[in-house]
Amino acid sequence: MPGSGTRVPELPEVETVRDGLARHVLGARVADVTVLRDYSVRRHEGGPVDFAARLRGAVLVAAARRGKYLWLELDHPGEALLAHLGMSGQLLVSDPAADPGAPDHRHLRVRLDLVMPDGAPRRLDFVDQRTFGYLAVVGTVPTPDGAPGGSGSLRAEVPDGVAHVGRDLLDPALDVDAVVRAVRSRRSGIKRALLDQTLTSGVGNIYADEALWRAQVHYDRRCDALRPPQVRAVLDAARTVMTEALAVGGTSFDALYVNVNGESGYFARGLNAYGRAGQPCARCGAEIVREVFMNRSSYLCPVCQPRPRARRSPRAGTAAG
DNA sequence: CATGACGCCTGTCAGC
DNA sequence: TGCTGACAGGCGTCAT
């Protein structure tokens, strides 16, 4: 049911958040920091106290993203506030003066009290039910390929710890041919490669299934057995699906409210595969099925996405029969 | 280096 | 009613 269901943020959702932050908190100075849950800053090396100390007084000067990683550059050169939303993270911007009596969100983990350049107070809350997400203040390093790019900043720097993440499919500096080669050098199933954030980033379980459905490729097709045009078609499908979701989900940010859960792109545009077990395939009418792959659900059309012939020896697998 | 399994977390829901 | 286990699942870590 909508409202309580989980909507895991993938690239379009994170980009929508980044865009909202760019429009609502840039130029703000951090007046105060409250860490309500230490675990939510576990990636910050110096611990919660140091996390707050490093942020106090800093000005947020840019909002950038690569894949599902999001960061706010600080006016302290070479430092950034890194955020990953994990499975349930939200960044909520509000005006604390608008409704002083409003109760805090149940899953509030970190609060930043901000002051805008004109002196107006503003609040940035990190809310995260399942706490797979995190915030951290980290240094920035040059991108491995030396090229600018990414979304929201044309700077050639990324936070330390994000350098290993590949450019995403919406990044104009992405070398698609190189990604095709890298994917085809793998022996794993194509879905595993799609989810590998070091090859190309931003694709999660939901958009992976949608891309494979669209490209009519089974999730367990071996990467090194796919022809280059097939790999390219899968990547193109992933880009298309995410672009469409972004177009739909990105329209809900006129309010002073940055929300990854409220009007998520993939729910607004509708899904063709993910979560549709038992329902007819929109293309051929066959029943969509759910299977377990990599310990997570995979939804596919068994007719449009035929299973590859036998793969390697099923040594440790449960030979479900 | 490539590959794949595991655990971290909280909340919901089906089944007993 | 209350307990238990399955499920959701990104990603860092570890073993092979």
Side-chain angles (χ1 to χ4, degrees), chain A residues 1-15 17 36-45 65-71 82-90 105-110 126-136 138 144 158-166 168 179 181-210 219-225 238 242 260-261 264 266-267 271 273-277 290-299 311-318:
Chain A
M1 61 188 269
S4 66
T6 300
R7 295 127 187 231
V8 178
E10 299 187 27
L11 186 153
E13 291 73 31
V14 178
E15 170 57 18
V17 173
L36 295 93
R37 176 75 68 108
D38 288 358
Y39 189 74
S40 292
V41 296
R42 65 193 176 282
R43 298 280 170 199
H44 183 86
E45 270 191 27
R65 179 190 58 76
R66 174 176 288 202
K68 305 172 202 170
Y69 291 82
L70 171 69
W71 65 93
L82 175 64
H84 196 293
L85 302 178
M87 292 180 61
S88 56
Q90 296 171 270
H105 194 288
R106 182 181 177 189
H107 302 299
L108 177 64
R109 308 305 188 195
V110 179
F126 178 62
V127 171
D128 190 14
Q129 180 202 109
R130 295 183 190 175
T131 69
F132 276 34
Y134 61 85
L135 300 183
V138 300
V158 294
D160 199 11
V162 178
H164 71 288
V165 177
D168 59 66
V179 177
R181 286 194 297 272
V183 169
R184 293 189 68 244
S185 73
R186 296 294 180 92
R187 294 180 303 177
S188 65
I190 180 66
K191 182 171 177 180
R192 188 181 291 276
L194 267 183
L195 295 176
D196 186 337
Q197 304 297 302
T198 67
L199 297 176
T200 183
S201 60
V203 181
N205 198 46
I206 296 172
Y207 290 121
D209 279 4
E210 291 299 300
Y219 61 80
D220 209 16
R221 292 282 295 278
R222 271 178 65 135
C223 291
D224 58 1
M242 293 194 294
V260 75
N261 273 355
S264 185
Y266 49 72
F267 270 78
L271 299 169
Y274 186 84
R276 298 194 67 244
R290 171 186 175 274
E291 298 178 3
V292 175
F293 178 65
M294 295 172 63
N295 279 324
R296 44 174 56 77
S297 293
S298 282
Y299 297 88
R311 287 173 51 90
R312 48 189 96 139
S313 55
R315 163 195 305 236
T318 53

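Proteins get letters first, then strands, A, B, ... in listed order; numbering begins at 1 in each. Keep in mind that what you see is a predicted model, and the values were worked out from it rather than measured.
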Grab the CZ-P distance between A:Arg109 and B:dC8 for me, whole Å please.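 Going from A:Arg109 (CZ) to B:dC8 (P), I get 17 Å.
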Output all residues satisfying ring pair (Phe, Tyr, Trp, His ring centres under 6.0 Å) with A:Tyr299, sequence neighbours left out; order by chain, then residue number.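 Applying ring pair (Phe, Tyr, Trp, His ring centres under 6.0 Å) to A:Tyr299 gives A:Tyr274.
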Residues which pass side chain to side chain contact (heavy atoms under 4.5 Å, CB included) with A:Lys68, listed by chain and number, not counting sequence neighbours: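 Applying side chain to side chain contact (heavy atoms under 4.5 Å, CB included) to A:Lys68 gives A:Val14, A:His84, A:Gln197.
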What is the separation between atom CZ on A:Arg184 and atom C1' on B:dT3, rounded to the nearest whole Å?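 It is 19 Å, rounded to the nearest whole Å.
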Tell me which residues in residues 194-201 of chain A put a heavy atom below 4.0 Å from DNA chain C, sorted by number, or none.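 Of all residues in residues 194-201 of chain A, the ones placing a heavy atom under 4.0 Å from DNA chain C are A:Gln197.
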Over how many whole Å does the gap from A:Tyr299 atom OH to C:dC7 atom P extend?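 One finds 11 Å between P of C:dC7 and OH of A:Tyr299, rounded.
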Could you go through nucleotides 5-7 of chain B and list every protein N or O atom that sits under 3.5 Å from one of its N or O atoms, giving the distance for each pair?
none

Tell me the interatomic distance from A:Asp128, atom CG, to B:dC8, atom P, rounded to whole angstroms.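 That distance rounds to 17 Å.
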Rounded to whole Å, how long is the line connecting atom CD of A:Gln90 with atom C1' of C:dG10?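 Checked: the CD to C1' distance equals 17 Å.
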If you look at every heavy atom in A:Ser185 and A:Ala182, which pair is closest and at what distance?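 That closest heavy-atom pairing would be OG-O, 2.6 Å.
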Base of B:dA2, side chain of A:Arg186 - is there a donor-acceptor contact under 3.5 Å?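 Counting by modelled atom types and ignoring angles, no donor-acceptor contact under 3.5 Å is found here.
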Do you know which two heavy atoms are closest between A:Ala83 and A:Leu135, and how far apart they sit?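 Heavy-atom minimum between the residues: CB-CD2, 3.5 Å.
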Taking all non-hydrogen atoms of both residues, which atom of A:Lys191 and which atom of A:Ala208 are closest, and how far apart?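 Smallest heavy-atom distance, with atoms named: CE-CB, 4.1 Å.
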Could you check whether A:Arg42 gets within reach of a base, just the sugar-phosphate, or nothing at all, counting any heavy atom under 4.0 Å?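 No contact at all - A:Arg42 keeps every heavy atom at 4.0 Å or more from the nucleic acid.
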For A:Tyr39 and B:dC9, is the shortest distance between a side-chain N/O and OP1 or OP2 below 4.0 Å?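 For B:dC9, OP1/OP2 do have a side-chain N/O of A:Tyr39 under 4.0 Å.
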Interatomic distance, A:Phe293 CZ vs C:dC7 P [rounded to whole Å]: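 From A:Phe293 CZ to C:dC7 P: 17 Å.
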Give the minimum heavy-atom separation between A:Tyr134 and A:Phe126, together with the two atoms involved.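 In terms of heavy atoms, the two residues are closest at N-CZ, 3.7 Å.
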Compare side-chain N and O positions of A:Lys68 against OP1 and OP2 of C:dC11 and report whether any pair is under 4.0 Å apart.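 Yes, because at least one side-chain N or O of A:Lys68 sits under 4.0 Å from OP1 or OP2 of C:dC11.
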Between A:Arg109 and A:Asp128 (side chain of the first, backbone of the second, donor and acceptor by atom type, cut-off under 3.5 Å), is there such a pair?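 The answer is yes, because a donor-acceptor pair under 3.5 Å joins these two groups.
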Which nucleotide, B:dC8, C:dA8, C:dG10, lies nearest any side-chain atom of A:Arg130?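 For the A:Arg130 side chain, the nearest candidate turns out to be C:dA8.
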Test: A:Arg186 and A:Asp196 ion pair at under 4.0 Å: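 Looking at A:Arg186 and A:Asp196, the cut-off is met.
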Taking only nitrogen or oxygen atoms into account, show me every contact under 3.5 Å that the protein makes with nucleotides 12-16 of chain C, one pair per line with its distance.
{"from": "C:dG12", "atom 1": "OP1", "to": "A:Tyr69", "atom 2": "OH", "distance (Å)": "2.4"}
{"from": "C:dG12", "atom 1": "OP2", "to": "A:His164", "atom 2": "NE2", "distance (Å)": "3.4"}
{"from": "C:dG12", "atom 1": "O3'", "to": "A:Arg43", "atom 2": "NH1", "distance (Å)": "3.3"}

A:Phe132: which residues meet the ring pair (Phe, Tyr, Trp, His ring centres under 6.0 Å) condition with it, sequence neighbours left out?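 Expected list: none.
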Look at the side chain of A:Met87 and decide which nucleotide, out of C:dC7, C:dG10, B:dC9, has an atom nearest to it.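 Looking only at side-chain atoms, A:Met87 lies closest to C:dG10.
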Figure out the CZ/P separation between A:Arg106 and B:dT10, and round it to whole Å.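 From A:Arg106 CZ to B:dT10 P: 12 Å.
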From the options A:Val41, A:Leu36, A:Asp38, select the one residue that forms a side-chain contact (heavy atoms from CB on, under 4.5 Å) with A:Val110.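 Only match with A:Val110 under side-chain contact (heavy atoms from CB on, under 4.5 Å): A:Val41.
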Can you tell me if A:Asp168 uses its side chain to pair, donor with acceptor, with the backbone of A:Gly202 under 3.5 Å?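 Here the side-chain-to-backbone pair does not exist.
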Think A:His107 has a side-chain N or O under 4.0 angstrom from the OP1 or OP2 of B:dC9?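 No, A:His107 has no side-chain N/O under 4.0 Å of OP1/OP2 on B:dC9.
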Could you go through A:Ile206 and A:Glu10, starting from their C-alpha distance and side-chain angles, then the distance that decides it, and tell me whether this counts as side-chain contact (heavy atoms from CB on, under 4.5 Å)? CA-CA 8 Å; A:Ile206 296 172; A:Glu10 299 187 27; 3.1 Å; yes
A:Ser297 side-chain N/O to C:dA8 phosphate OP1/OP2 under 4.0 Å: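 So the side-chain polar atoms of A:Ser297 do come within 4.0 Å of the phosphate oxygens OP1 or OP2 of C:dA8, strictly under.
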In this structure, how many angstroms lie between the P atom of C:dC11 and the CG atom of A:Asp168, rounded?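 One finds 12 Å between P of C:dC11 and CG of A:Asp168, rounded.
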